[in-house]
Amino acid sequence: MATAELTAHELIAKHRPTLDQALEAIRTRAYWSPHPEHPKAYGENGSLDAAAGKAAFDALLGSRLDLGQPGTDGWVGGETSPYGVELGVEYPHADLDELLPAMRSGMRQWRDAGAETRAVVCLEILKRISDRTHEFAHAVMHTSGQAFMMALQAGGPHAQDRGLEAVAYAYVEQVRTPDSAEWTKPQGKRDPLALNKRFTPVPRGIALLIGCNTFPTWNGYPGLFASLATGNAVLVKPHPRAVLPLALTVQVARQVLTEAGFDPNLVALAAERPGEGIAKTLATRPEIRIIDYTGSTEFGDWLEANARQAQVYTEKAGVNTVVVDSTDDYKGMLSNLAFSLSLYSGQMCTTPQNLLIPRDGIRTDQGPKTYDEVVADLARAVDGLLGDDARANALLGALVNPDVKARLEAAPGLGEVALASREIPHPEFPGAVVRTPVIVKLDGAKPDDEAAYMSECFGPVSFAVAVDSSADAVELLRRTVREKGAMTVGAYTTDDEVEEAVQEVCFDEAAQLSLNLTGGVYVNQTAAFSDFHGSGGNPAANAALCDGAFVANRFRVVEVRREAQGLS
């Protein structure tokens, strides 16, 4: 076992104030973050500034990332950036029969450390990651295709916030039950019954994190830190196209665990050979007791059906919908929707896909607008937003994989094109595939069109669906969320009855709702400590990031009781 360079006392003194602030934030739901969003905030107190972060990333290219894991039987790699850069990083390939037992060996000490110590060790890991935010930003950018600023913010501080949020929820749930209790039951004239009781949160076992391609850290950190903070070991299985950000995370975690005197094998990496597909093999192994997954509905459903020995948390696909009934800020609505459709080329699980618009039009502060006018004005808003190539590159990023490009190119065959996609050259990365969104007009009354808008079309594709009325839009919203799920729902209305109807659908079908957003907050963005990402109550996801349910079943409380001494 490693000799501690960081004592629990030192870590508690350093990080307990941050933990307490996180606990207060999840209680009040007010804005708070300890992780700065601005790039210039880094460069002091041990953190890497922009130049140092880029140099650290460049030094990784073509290197072998040796994590010192047991059971390494070879090396794997092959990531190519969506920007056309060959990363050339090699990662350890694990013999699972050797690695998994080694991961279990440190769990007893980690369990016995207690909830507070586990929490502050996790916070030290997050602090070390935060100090390398610029380096991680390049790693996220060149595996996900996010533009640099989004990679820095979403892949850096926002992801770190979500990890810290999970630690805070984990701590709350573990300390809900006291460590011990003196139990005395009166027996009338007889001596009372007396027991000493001790209550210990015990982990389920090894947790498996199955990473995603688009948001490896943002979607990965909640499950990773929720499992680690509740006493479990965590095996990280990244998406084959997005290994580097999570491999660096594992590297940092192993370093901190070692310095804190714990077994570094509590966190390990499971990188795979091309085409190996180890996720199914891992997911059904008896050692795996928790699974966190973000990705396709097909594989998420498979996990839920087949990984019966594990507690499975999934975020799958949904059909995100916006009801457009009326607005008192037509320009603001169009601007807000244009940004939402364009950000990261629509490659977010929260991006709106279906815009339900009455075919007779809507009421606005600029007078009545027909369906055709609303769609045409939205197309102009997107064009205006992305008219400058430099601005477009900064918002769109690159298409993450060829499947997204294929869906985008097939979309015009689904209906009348209101806004055609165009190619944008990237001045720094000529190999990047950058495309503006396409908007397709569909008719909600036509069965052939329904096949398109009732399926998720992940990427920069949206459908302007003509419906008979706002009431029909509300009913189509209900059916969409019930049958296909939704991570987000949006609505624009000045009518109290329509607002109430949309709200009731979202209550009934457990969908997170944003109303009348016209400013700088968008339907596809959520803030840690305040907003819930997903609900766990519709087919898009069986868990929410982050609430008590996301962490509470990662451990169980085991009671040991004995007769109290000195009482008969």
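Because only heavy atoms are used, hydrogens play no part in the values below, and waters and symmetry mates are left out as well, while side chains stay in.
With a 4.5 Å cut-off on side-chain heavy atoms, P238 and I210 do not count as touching. With contacts defined as side-chain heavy-atom distances shorter than 4.5 Å, the pair L378/L341 qualifies. Looking at P222 and D292, their side chains never come closer than 4.5 Å, going by heavy atoms from C-beta outward. Considering only heavy atoms from C-beta on, V250 stays 4.5 Å or farther from V252 through its side chain. Using a 4.5 Å cut-off on side-chain heavy atoms (C-beta onward), L396 and Y344 make no contact. Side-chain contact between N542 and E304 is present, with at least one heavy-atom pair separated by less than 4.5 Å. Counting heavy atoms from C-beta outward, V322 and V489 have side chains that stay 4.5 Å or more apart. Side-chain contact between S345 and Q347 is present, with at least one heavy-atom pair separated by less than 4.5 Å.
With sequence neighbours excluded, the residues satisfying side-chain contact (heavy atoms from CB on, under 4.5 Å) with P82 are A398. Residues meeting the side-chain contact (heavy atoms from CB on, under 4.5 Å) test with A25, sequence neighbours left out: W32, F529. Residues passing the side-chain contact (heavy atoms from CB on, under 4.5 Å) test with Q503 are F507, L513, sequence neighbours excluded. Residues satisfying the side-chain contact (heavy atoms from CB on, under 4.5 Å) test with Q251, not counting sequence neighbours, are L65, L67, R132, L248, Q255. Legend: residues meeting side-chain hydrogen bond (donor to acceptor under 3.5 Å, both in side chains) with E483, ordered by chain and number and at least two apart, are absent. T18 meets the side-chain hydrogen bond (donor to acceptor under 3.5 Å, both in side chains) test with no other residue; sequence neighbours excluded. Partners of Y169 by side-chain hydrogen bond (donor to acceptor under 3.5 Å, both in side chains), not counting sequence neighbours, listed by chain and number: R29. Scored by the side-chain hydrogen bond (donor to acceptor under 3.5 Å, both in side chains) test, R118 finds Q174 as partners (sequence neighbours excluded).
Within 6.0 Å of CD on E504 lie more than 12 heavy atoms contributed by other residues, nucleotides or ligands. For CD of E276, the number of neighbouring non-hydrogen atoms (other residues, nucleotides, ligands) closer than 6.0 Å is greater than 12.
Side-chain atoms of N553 and R204 include a donor-acceptor pair closer than 3.5 Å. N232 and T230 share a donor-acceptor pair across their side chains, judged by distance under 3.5 Å alone. In the model, S33 has a side-chain atom that pairs as donor or acceptor with a side-chain atom of D161 under 3.5 Å. Using modelled atom types, one finds no donor on one side chain facing an acceptor on the other under 3.5 Å when comparing E79 with H142. No hydrogens or angles considered: nothing links the side chains of R289 and S227 as a donor-acceptor pair under 3.5 Å. For the residue pair E37 / H158, a side-chain donor-acceptor distance below 3.5 Å is found, with atom types taken as modelled. Between the side chains of T494 and S326, at least one donor N or O sits under 3.5 Å from an acceptor N or O.
Between K441 and D449 no salt bridge is recorded (no basic side-chain N to carboxylate O distance below 4.0 Å). K127 has a carboxylate O that lies under 4.0 Å from a charged side-chain N of D131, or vice versa, which qualifies the two as a salt bridge. The pair K405-E409 meets the salt-bridge criterion, with a side-chain N (NZ, NE, NH1 or NH2) lying under 4.0 Å from an Asp/Glu carboxylate O. Using a cut-off of 4.0 Å between Lys/Arg side-chain N and Asp/Glu carboxylate O, E24 and R27 are scored as salt-bridged.
Applying the salt bridge (charged side-chain N to carboxylate O under 4.0 Å, His left out) rule to pairs touching residues 508-529 yields R478-D508, R478-E509, R482-E509, sequence neighbours excluded. Listed by first then second residue, pairs satisfying ring pair (Phe, Tyr, Trp, His ring centres under 6.0 Å) with a partner in residues 535-556 read Y313-F550, not counting sequence neighbours. Listed by first then second residue, pairs satisfying ring pair (Phe, Tyr, Trp, His ring centres under 6.0 Å) with a partner in residues 223-246 read Y221-F225, not counting sequence neighbours.
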Verdict with reasoning, H35 to L164, per side chain to side chain contact (heavy atoms under 4.5 Å, CB included) | CA-CA 10 Å; H35 303 116; L164 175 54; 4.3 Å; yes

Tell me, with the steps shown, if Q146 and Q153 meet side chain to side chain contact (heavy atoms under 4.5 Å, CB included).
-> CA-CA 10 Å; Q146 294 175 33; Q153 293 182 340; over 6 Å; no

Evaluate side chain to side chain contact (heavy atoms under 4.5 Å, CB included) for T350 paired with V523, printing each intermediate quantity in order.
-> CA-CA 7 Å; T350 50; V523 66; over 6 Å; no

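In terms of modelled atom types and a separation under 3.5 Å, the side chain of N320 and the main chain of T351 share a donor-acceptor contact. Here the side chain of N219 pairs no donor or acceptor atom with the backbone of G211 at under 3.5 angstrom. A donor-acceptor pair under 3.5 Å is formed between the side chain of Y42 and the backbone N or O of P36. Within the 3.5 Å criterion, the main-chain N or O of G155 finds no donor-acceptor partner in the side chain of Q160. Looking at E124, its side chain never comes within 3.5 Å of a backbone N or O of V256 through a donor-acceptor pair.
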Indicate every side-chain donor-acceptor pair of residues 452-459 with a distance under 3.5 Å to a residue at least two apart or in another chain.
| from | atom 1 | to | atom 2 | distance (Å) |
| --- | --- | --- | --- | --- |
| Y453 | OH | G444 | O | 3.1 |
| S455 | OG | A451 | O | 3.2 |

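Relative ring orientation between F215 and W218 is described as perpendicular, the plane-to-plane angle rising above 60° on a 0-90° scale split at 30° and 60°.
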